[in-house]
Peer 1: 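What follows is a single structure, and I will ask about it in a moment.
Basis for what follows: all heavy atoms, side chains included, without hydrogens, waters or symmetry-related copies. Only a predicted model underlies this, so the values are computations on that prediction, with no experimental measurement involved. Position 1 is the first residue of the sequence; numbering continues from there.
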Amino acid sequence: MESSSPRSFFRKIRSRELSGFRVRKRPYISDAASDIIEIGAVTVEHCGDETPPLAISFCKNIKNSHILAVSDEDGYVSLFDTRRKFSCSASHQENAEKAKVCDWVAHHNAVFDVRWIKEDAQILTASGDQTVKVWDVQEMKCIAELMGHTGSVKSICSHPTNPDIVVSGSRDGSFALWDLRCNSNSRSVHGELCLGSTAVVKGAHLPPQAKRIRRGKAASMSITSVLYLKDEVSIATAGAVDSVLKFWDSRNLKSVVTQTCPHPQSTEKERRLHGISSLSQDLNGVFLSASCMDNRIYLYNLLQLEKGPLRSFSGCRIESFYVKSAISPDATHIISGSSDGNAYIWQVNKPHEDPVAFKSHDGEVTAVDWCPFEDGQIATCSDDFTVRMWNTQNGICSSTGSPPSSNRRRVMAIPRVECRKLMVNEPSCPKEDPDSWLPSNDVSHQNNSSYTIIMPEISTPEGQKKRFFSGSDLNEAFEKTPEATVKSPSSVLNPPSSTKRTIRDYFHAAS
């Protein structure tokens, strides 16, 4: 039954349980022009000693999306409130004292990745001490320690709908699956619950001819990034050894389901010239971006992996595996760090245009992240010991106090919209103190394919003709995603009916 009421319509979409899919009425950043403004910068330091931040992550719940988690080389996790008013005249240290909600020692080693789970009540941390830890944010207390890797844990990702299932990738060349619901009688020396993995794939990215890896060669087989895809079944992995992306069926990890790389016709020797530093996927789970050490970011359509990347984006320098990129939740933009001290942002449908540069950092820009509910808000971190927040809307004071560069390019954020209200009966901005949910703290152009990327229109049998996005420059791009070709991996795109919905089901159209 069709309904003219947007609220009723979106409730129907929600009732279909499309694996956590969130409908947005507008893109995060539009094509119109506006200054990119630095709204604040904080120094990452503890006890007066500065330390390089390694990973950042905004909260995923609408009530807390202004809270940014930062992990660093000294093993700390720090939480910052990005809604605090940053003073133009204050130093980065003073802004950090004002914006910091809390921090704690998570590991006695570098923390390479950090992820929010369970409605932001818990945090996962991946460390150089070869463990993953689960933290209760309210108590700043370790709930469980995941042990079993024999190298630094470089990347973690939770299941898209079941946060108790976690996948991790390590420098030892393996990735592992964990179930936080498992019981264990084992305890660490600090009394923390120790959990073992439920499944491990070793040597996931070893070259086929490699029979053994010499000592001291661990980096050449390192897993640099893992993703649990939105179909709730498939896992994507990438490594330092080459530019190949591999896709696995979590129900049967004995062999790779399929794989792809930037240049499918290239020789194995050519593929090994460059590794992958990071993977990211959009909110729909259709597109996947991969930062390659050839100084390009490649975009793949998960329904058409056999075609290779749809687009490639150049202009940044990716000279270390610490430099990451992230596709925007609505899949219209990609942002990346860079070894030249800038961050860069591209429009997905305009890959041959020069990217917009974010110029304020004084060191290699490493991790980046999009705020999921604050349109146009982005965070970047750098080896200059700072984390910087950016907004693509005018009228926001820069914390640096310096005038905007005359050469600065322009992008624009659309006005903030409360589209989340269409999905749940929650206010878009909490009225209470933003710290109330946390402990109080006193220190307060190479791929020349002729076709364009098709942004999917979500349709249902009840309302195929309704469109979920708006914007004059994007209308022609929002078309239905084509059906997967017969060569597409069945376990990735069309698992048995006994399992939950897959990526293809997002774009089901009635015949």
Peer 1: Check for a donor-acceptor pair, side chain of Ser277 on one end and backbone N or O of Val323 on the other, with a separation under 3.5 Å.
Peer 2: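 Indeed, once roles are kept as given, a pair shorter than 3.5 Å links the two residues.
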Peer 1: Taking atom CG of Asn301 and atom CZ of Phe287, what is their separation to the nearest 0.5 Å?
Peer 2: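 Atom-to-atom, Asn301:CG and Phe287:CZ are 5.0 Å apart.
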Peer 1: Could you work out, with side-chain hydrogen bond (donor to acceptor under 3.5 Å, both in side chains) as the rule, every residue matching Ser170, not counting sequence neighbours?
Peer 2: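 Here the qualifying residues are Asp172.
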Peer 1: Which residues pass the side-chain hydrogen bond (donor to acceptor under 3.5 Å, both in side chains) test with Asn109, sequence neighbours left out?
Peer 2: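 So Asn109 forms no side-chain hydrogen bond (donor to acceptor under 3.5 Å, both in side chains) with any residue.
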Peer 1: Would you check if Leu180 and Leu146 make a side-chain contact, meaning some heavy-atom pair closer than 4.5 Å?
Peer 2: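 When only atoms from C-beta onward are counted, Leu146 and Leu180 do touch, with a gap below 4.5 Å.
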Peer 1: Is there a side chain to side chain contact (heavy atoms under 4.5 Å, CB included) between Val348 and Thr332 once you walk through the steps?
Peer 2: CA-CA 5 Å; Val348 165; Thr332 61; 5.5 Å; no
Peer 1: Set out, in order, the CA-CA distance, both residues' side-chain angles and the distance that settles side-chain hydrogen bond (donor to acceptor under 3.5 Å, both in side chains) for Asp103 and His46, then state yes or no.
Peer 2: CA-CA 9 Å; Asp103 64 2; His46 311 285; 3.2 Å; yes
Peer 1: State whether the side chain of Ser382 and the backbone N or O of Gly363 hold a donor-acceptor pair below 3.5 Å, judged by distance alone.
Peer 2: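 Present.
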Peer 1: Can you tell me how far CG of Asn61 sits from CD of Glu119, rounded to the nearest 0.5 angstrom?
Peer 2: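 With rounding to 0.5 Å, CD (Glu119) is 5.0 Å from CG (Asn61).
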Peer 1: Run the numbers on Thr131 and His107 for side chain to side chain contact (heavy atoms under 4.5 Å, CB included), then give the verdict.
Peer 2: CA-CA 9 Å; Thr131 69; His107 299 261; 3.4 Å; yes
Peer 1: From Cys371 SG over to Ile378 CD1, what is the distance, rounded to the nearest 0.5 angstrom?
Peer 2: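 Output value for this atom pair is 10.0 Å.
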Peer 1: Return the minimal non-hydrogen interatomic distance between Ile345 and Phe358, and the atom names on each side.
Peer 2: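 Looking at all heavy atoms of both residues, the shortest contact is CG2-CE1, 3.5 Å.
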Peer 1: Apply side chain to side chain contact (heavy atoms under 4.5 Å, CB included) to Val166 and Val134, showing your working.
Peer 2: CA-CA 11 Å; Val166 176; Val134 186; over 6 Å; no
Peer 1: Angle class for the Trp104/Trp135 ring planes (parallel below 30°, perpendicular above 60°, tilted otherwise)?
Peer 2: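 Tilted.
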Peer 1: Donor-acceptor check, side chain of Ser328 to backbone of His333, threshold 3.5 angstrom: yes or no?
Peer 2: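 At least one qualifying donor-acceptor pair exists.
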Peer 1: Nearest 0.5 Å, what's the NZ-CG distance between Lys324 and Leu54?
Peer 2: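 Here the interatomic distance stands at 9.0 Å.
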Peer 1: Is there a side-chain contact between Val256 and Phe247, using heavy atoms and a 4.5 Å cut-off?
Peer 2: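 A side-chain contact under 4.5 Å is absent here.
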Peer 1: Under the 3.5 angstrom rule, does the side chain of Arg115 hit a backbone N or O of Ile156 as a donor-acceptor pair?
Peer 2: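 The answer is yes, because a donor-acceptor pair under 3.5 Å joins these two groups.
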Peer 1: Output all residues satisfying side-chain hydrogen bond (donor to acceptor under 3.5 Å, both in side chains) with Tyr228, sequence neighbours left out; order by chain, then residue number.
Peer 2: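 Here the qualifying residues are Ser250.
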Peer 1: Where is the tightest heavy-atom contact between Asp120 and Cys59, given as atom of each residue plus distance?
Peer 2: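 In terms of heavy atoms, the two residues are closest at OD2-CB, 3.2 Å.
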Peer 1: When rounded to the nearest 0.5 angstrom, what distance separates CD1 in Ile327 from OH in Tyr300?
Peer 2: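 Output value for this atom pair is 13.0 Å.
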Peer 1: Can you sort out the partners of Glu45 under side-chain contact (heavy atoms from CB on, under 4.5 Å), two or more places apart, ordered by chain and number?
Peer 2: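 Once residues adjacent in sequence are excluded, the partners of Glu45 under the side-chain contact (heavy atoms from CB on, under 4.5 Å) criterion are Thr43, Glu50, Gln93.
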Peer 1: Dump the intermediate steps for side chain to side chain contact (heavy atoms under 4.5 Å, CB included) on Asp81 and His66, then the final yes or no.
Peer 2: CA-CA 6 Å; Asp81 181 357; His66 57 289; 3.0 Å; yes
Peer 1: What pair of heavy atoms forms the shortest contact from Lys60 to Pro372, and how long is it?
Peer 2: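 Closest pair (atom of Lys60, atom of Pro372, distance): CA-CG, 4.3 Å.
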Peer 1: Can you list everything that forms a side-chain contact (heavy atoms from CB on, under 4.5 Å) with Ala69? Sequence neighbours excluded, please.
Peer 2: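 For Ala69, the residues satisfying side-chain contact (heavy atoms from CB on, under 4.5 Å) (neighbours in sequence not counted) are Leu79, Val114, Trp116, Ile123.
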Peer 1: List in chain and number order the residues that pass side-chain contact (heavy atoms from CB on, under 4.5 Å) with Asn295, two or more places apart in sequence or in another chain; answer none if no residue qualifies.
Peer 2: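 Only Arg317, Ile318 meet the side-chain contact (heavy atoms from CB on, under 4.5 Å) criterion with Asn295.
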Peer 1: Please identify each residue that fulfils side-chain hydrogen bond (donor to acceptor under 3.5 Å, both in side chains) with Ser197, with sequence neighbours left out.
Peer 2: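 Result, side-chain hydrogen bond (donor to acceptor under 3.5 Å, both in side chains) vs Ser197: none returned.
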Peer 1: Salt bridge or not between Glu374 and Arg83? Use side-chain N to carboxylate O under 4.0 Å.
Peer 2: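 A salt bridge links Glu374 with Arg83.
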Peer 1: Quick check: closest heavy atoms across Asp113 and Lys154, and the distance to 0.1 Å?
Peer 2: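 Taking Asp113 first and Lys154 second, the nearest heavy atoms are CB-O, 3.8 Å.
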Peer 1: What residues form a side-chain contact (heavy atoms from CB on, under 4.5 Å) with Asp383, not counting sequence neighbours?
Peer 2: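 Here the qualifying residues are Pro52, Glu364, Thr366.
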Peer 1: Do the side chain of Asp362 and the main chain of Asp384 share a donor and acceptor less than 3.5 angstrom apart?
Peer 2: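 Answer holds: no.
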Peer 1: Check the pair Arg296, Asp294 against salt bridge (charged side-chain N to carboxylate O under 4.0 Å, His left out), reporting the backbone distance first and the verdict last.
Peer 2: CA-CA 6 Å; Arg296 289 181 178 271; Asp294 65 356; 5.2 Å; no
Peer 1: With sequence neighbours left out, what residues match Lys118 under salt bridge (charged side-chain N to carboxylate O under 4.0 Å, His left out)?
Peer 2: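 Salt bridge (charged side-chain N to carboxylate O under 4.0 Å, His left out) list for Lys118, sorted by chain: Asp164.
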Peer 1: The criterion is salt bridge (charged side-chain N to carboxylate O under 4.0 Å, His left out); which residues satisfy it with Asp72, sequence neighbours excluded?
Peer 2: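 Asp72 satisfies salt bridge (charged side-chain N to carboxylate O under 4.0 Å, His left out) with no other residue.
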Peer 1: Mind checking the CD1-CD1 spacing from Ile223 to Ile276? Nearest 0.5 Å is all I need.
Peer 2: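 The distance works out to 12.0 Å.
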Peer 1: Donor-acceptor pair, Asp74 side chain versus Tyr76 backbone, under 3.5 Å?
Peer 2: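 No, the answer is negative, given that no donor and acceptor are paired below the 3.5 Å cut-off.
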Peer 1: Which residues satisfy the salt bridge (charged side-chain N to carboxylate O under 4.0 Å, His left out) test with Asp179, sequence neighbours excluded?
Peer 2: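 Asp179 satisfies salt bridge (charged side-chain N to carboxylate O under 4.0 Å, His left out) with Arg181 once adjacent residues are dropped.
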Peer 1: Looking only at heavy atoms, which two atoms of Ser325 and Ser289 are closest? And how far apart?
Peer 2: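 Closest heavy-atom pair between Ser325 and Ser289: OG-OG, 4.2 Å.
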Peer 1: Could you tell me whether a side-chain N or O of Ser155 sits under 3.5 Å from a main-chain N or O of Gly169, the two making a donor and an acceptor?
Peer 2: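 Judged by distance alone, no pair lies under 3.5 Å.
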Peer 1: Looking at Gly151, is its backbone amide N or carbonyl O close enough to the side chain of His149 to form a donor-acceptor pair, meaning the two atoms are under 3.5 Å apart?
Peer 2: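 Absent.
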Peer 1: Which atom pair, heavy atoms only, marks the closest approach of Val42 to Met389?
Peer 2: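 Closest pair (atom of Val42, atom of Met389, distance): CG1-CE, 4.5 Å.
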Peer 1: Residues in ring-ring contact (aromatic ring centres under 6.0 Å, His included) with Tyr322, at least two apart?
Peer 2: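 Checked Tyr322 against ring-ring contact (aromatic ring centres under 6.0 Å, His included); zero matches.
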Peer 1: Looking only at atom types and distance, does a side-chain atom of His205 sit under 3.5 Å from a main-chain N or O of Ala240, one as donor and one as acceptor?
Peer 2: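 Flag not set: sc His205 to bb Ala240 has no pair under 3.5 Å.
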Peer 1: Okay, side chain of Asn95, backbone of Ala99: is any donor-acceptor separation there less than 3.5 Å?
Peer 2: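 It does not hold such a pair.
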